[in-house]
Amino acid sequence: MAKFDETAYRFDEAQNLCVVTEKMCGEDANNPVCTWTDGVTQLHRIGSSSTSCGQLLYEIQP
């Protein structure tokens, strides 16, 4: 079963870090890709270190 309400992270190139966002996303690949407030930057779960983001996350649908 897919996880929901997972804290999403975005990669910040200026800092070369994966940083936490305030957006919650899920794992259901049938939904659109979860994006940051700019509508373009894809959101992920945290990777194995703070310098990498992990698996792509998806929008939570009502």
Side-chain angles (χ1 to χ4, degrees):
M1 181 169 188
K3 288 184 185 179
F4 293 97
D5 296 334
E6 183 169 340
T7 302
Y9 293 77
R10 67 178 177 83
F11 189 75
D12 183 334
E13 291 183 29
Q15 298 180 62
N16 199 33
L17 293 174
C18 194
V19 295
V20 68
T21 68
E22 294 180 10
K23 188 159 183 181
M24 302 301 280
C25 301
E27 290 184 343
D28 189 347
N30 294 313
N31 295 338
V33 172
C34 201
T35 58
W36 195 41
T37 56
D38 64 4
V40 177
T41 304
Q42 295 179 338
L43 300 178
H44 304 261
R45 69 170 25 118
I46 190 70
S48 58
S49 73
S50 63
T51 60
S52 68
C53 291
Q55 177 183 345
L56 189 63
L57 293 173
Y58 301 89
E59 295 289 344
I60 297 172
Q61 301 296 307

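Note: hydrogens, waters and symmetry copies are ignored here, and every other heavy atom, side chains too, is used. Each residue takes its place number in the sequence, starting with 1. Not measured: the values here are computed from a predicted model.
Taking SG of C34 as the reference point, atom CG of L43 lies at 4.5 Å (rounded to 0.5 Å). Within the model, atoms CZ of F11 and OG1 of T41 stand 11.5 Å from one another, a figure rounded to the nearest 0.5 Å. To the nearest 0.5 angstrom, I60 atom CD1 is 4.5 Å from D5 atom CG. The OG1 atom of T37 sits 8.0 Å away from the CZ atom of R10 when rounded to the nearest 0.5 Å.
Between the side chain of H44 and the backbone N or O of G54, at least one donor-acceptor pair lies under 3.5 Å.
Under the side-chain hydrogen bond (donor to acceptor under 3.5 Å, both in side chains) criterion, Q55 pairs with R45, sequence neighbours left out. Residues satisfying the side-chain contact (heavy atoms from CB on, under 4.5 Å) criterion with N30, sequence neighbours excluded, are D28.
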Side chain to side chain contact (heavy atoms under 4.5 Å, CB included) between E59 and V33: does it pass, once the steps are laid out?
-> CA-CA 6 Å; E59 295 289 344; V33 172; over 6 Å; no

Report, one line per pair, each donor and acceptor closer than 3.5 Å where one atom sits in a side chain of residues 15-22; sequence neighbours left out.
residue	atom	partner	partner atom	Å
Q15	NE2	D12	OD2	2.8
T21	OG1	A8	O	2.8
T21	OG1	K23	N	3.2

